[in-house]
> 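I have a structure here, written as structure tokens, and I will follow up with some questions on it.
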Amino acid sequence: NAGVTQTPKFQVLKTGQSMTLQCAQDMNHNSMYWYRQDPGMGLRLIYYSASEGTTDKGEVPNGYNVSRLNKREFSLRLESAAPSQTSVYFCASSTYNEQFFGPGTRLTVL
Amino acid sequence: GDSVTQMEGPVTLSEEAFLTINCTYTATGYPSLFWYVQYPGEGLQLLLKATKADDKGSNKGFEATYRKETTSFHLEKGSVQVSDSAVYFCALSPFEGGGNKLTFGTGTQLKVEL
């Protein structure tokens with residue numbers, strides 16, 4: 001039981017490049033989330049998916065897109081990366097009572 | 001909207017010292033409250049939670065009491081260890097369960113020294 005896994009762990013992009021962050025969970029959870037963590041700002045919700053086939057915007061969705069590929073996988077895409085998107089990105093999945101977090105992806109945009 | 005305010009860090013303590021990390025919240029209705037912990041290089045883990053007023057959450061020697069009258073959920077531990085060094089996040093959910101959209105505080109870094 002791996003829990004929530006994320007790939008890659010680290011990534012460096014140049015401004016304007018695109019990339020997809022991958023997230024998968026093996027706990028059969030319906031809900032999944034993408035957060036970004038910035039110094040002094042805590043975690044902010046980018047997008048979430050309450051169930052397979054549905055996605056909704058969170059607090060800071062601009063510049064991102066998501067895909068809930070199936071119940072297990074929830075990907076986050078940056079179409080044209082900007083330095084303001086330099087951050088640590090966390091994926092999470094949840095039961096009714098608790099969210100479970102992946103180890104994070106540290107992204108730097110130059 | 002909902003918000004969570006935590007004391008700024010870093011907090012530096014000697015081993016066996018008493019720990020308090022303050023957390024206050026603003027929310028409508030009756031939110032559930034949580035403390036998450038993030039160890040270096042890892043994702044967040046649920047430390048404890050309380051779902052109604054006057055509930056006390058506890059785990060691994062940490063405690064927090066849901067005080068509706070002061071809208072607070074302060075984290076305490078009687079005797080910290082070096083292994084408690086981490087970042088602690090206070091969070092709330094508008095619903096009883098924590099498996100919904102959470103609003104996080106900014107986090108408080110704790111450093112425990114020998």
Side-chain angles (χ1 to χ4, degrees), chain A residues 2-10 21-25 27-51 54-61 66 74 76 87-106, chain B residues 1-11 21-27 31-52 55 57 59 73 75 86-110:
Chain A
V4 179
T5 57
Q6 293 183 236
T7 56
K9 290 189 187 302
F10 302 94
L21 281 64
Q22 306 287 353
C23 173
Q25 53 95 6
M27 297 175 282
N28 202 36
H29 292 162
N30 286 321
S31 299
M32 298 185 72
Y33 310 80
W34 276 106
Y35 294 91
R36 58 178 290 172
Q37 183 181 26
D38 301 294
M41 303 198 72
L43 273 75
R44 292 181 291 169
L45 183 64
I46 305 171
Y47 271 94
Y48 68 100
S49 171
S51 62
T54 68
T55 60
D56 285 288
K57 295 178 180 179
E59 182 184 354
V60 288
V66 291
F74 188 38
L76 179 72
S87 188
V88 181
Y89 291 85
F90 287 100
C91 177
S93 67
S94 71
T95 63
Y96 174 75
N97 287 312
E98 182 176 347
Q99 291 195 16
F100 297 83
F101 287 79
T105 294
R106 185 173 294 274
Chain B
D2 296 345
S3 65
V4 175
T5 302
Q6 286 181 240
M7 64 187 287
E8 300 233 353
V11 173
I21 299 178
N22 290 336
C23 171
T24 57
Y25 68 90
T26 301
S32 293
L33 301 172
F34 307 85
W35 278 101
Y36 277 81
V37 58
Q38 183 181 29
Y39 297 105
E42 299 183 9
L44 280 70
Q45 305 172 27
L46 180 64
L47 180 60
L48 54 84
K49 66 180 181 182
T51 58
K52 60 183 185 294
D55 269 2
N59 186 25
F73 192 55
L75 182 68
V87 181
Y88 293 81
F89 291 91
C90 186
L92 72 80
S93 168
F95 309 105
E96 181 179 349
N100 293 283
K101 287 186 290 180
L102 294 173
T103 299
F104 286 91
T106 54
T108 302
Q109 184 174 14
L110 170 65

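We use all heavy atoms of the structure for the numbers below, so side chains are in, but hydrogens, waters and symmetry mates are not. Per chain, numbering begins at 1; letters A, B, ... match sequence-line order.
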> Please look at A:L43 and chain B and tell me whether the side chain, the backbone, both or neither of the residue comes under 4.5 angstrom of a heavy atom of that chain.
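Both the backbone and the side chain of A:L43 come within 4.5 Å of chain B.
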> Using the ring of each side chain (for Trp, its six-membered ring), is A:Y33 parallel, tilted or perpendicular to A:Y48, with breaks at 30° and 60°?
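Correct class here is parallel.
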> Please name all residues satisfying salt bridge (Lys or Arg N to Asp or Glu O under 4.0 Å) with B:D55, sequence neighbours left out, ordered by chain then number.
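B:D55: salt bridge (Lys or Arg N to Asp or Glu O under 4.0 Å) contacts with B:K52.
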> Quick check on A:Y35 against chain B: is it the side chain, the backbone, both or neither that has a heavy atom closer than 4.5 Å?
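Just its side chain gets close to chain B.
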> Counting only non-hydrogen atoms closer than 4.5 Å, does A:Q6 touch chain B with its backbone (N, CA, C, O), its side chain (CB onward), both, or neither?
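Contact with chain B is absent: no heavy atom of A:Q6 under 4.5 Å.
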> Would you mind reporting whether B:Y88 and B:V11 have side-chain heavy atoms less than 4.5 Å apart?
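No. Closest side-chain heavy atoms not under 4.5 Å.
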> Heavy-atom distances under 4.5 Å only: say whether B:E8 touches chain A with side chain, backbone, both or neither.
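Contact with chain A: none, neither part.
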> By salt bridge (Lys or Arg N to Asp or Glu O under 4.0 Å), which residues pair with A:R106, not counting sequence neighbours?
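Salt bridge (Lys or Arg N to Asp or Glu O under 4.0 Å) check on A:R106 returns nothing, list empty.
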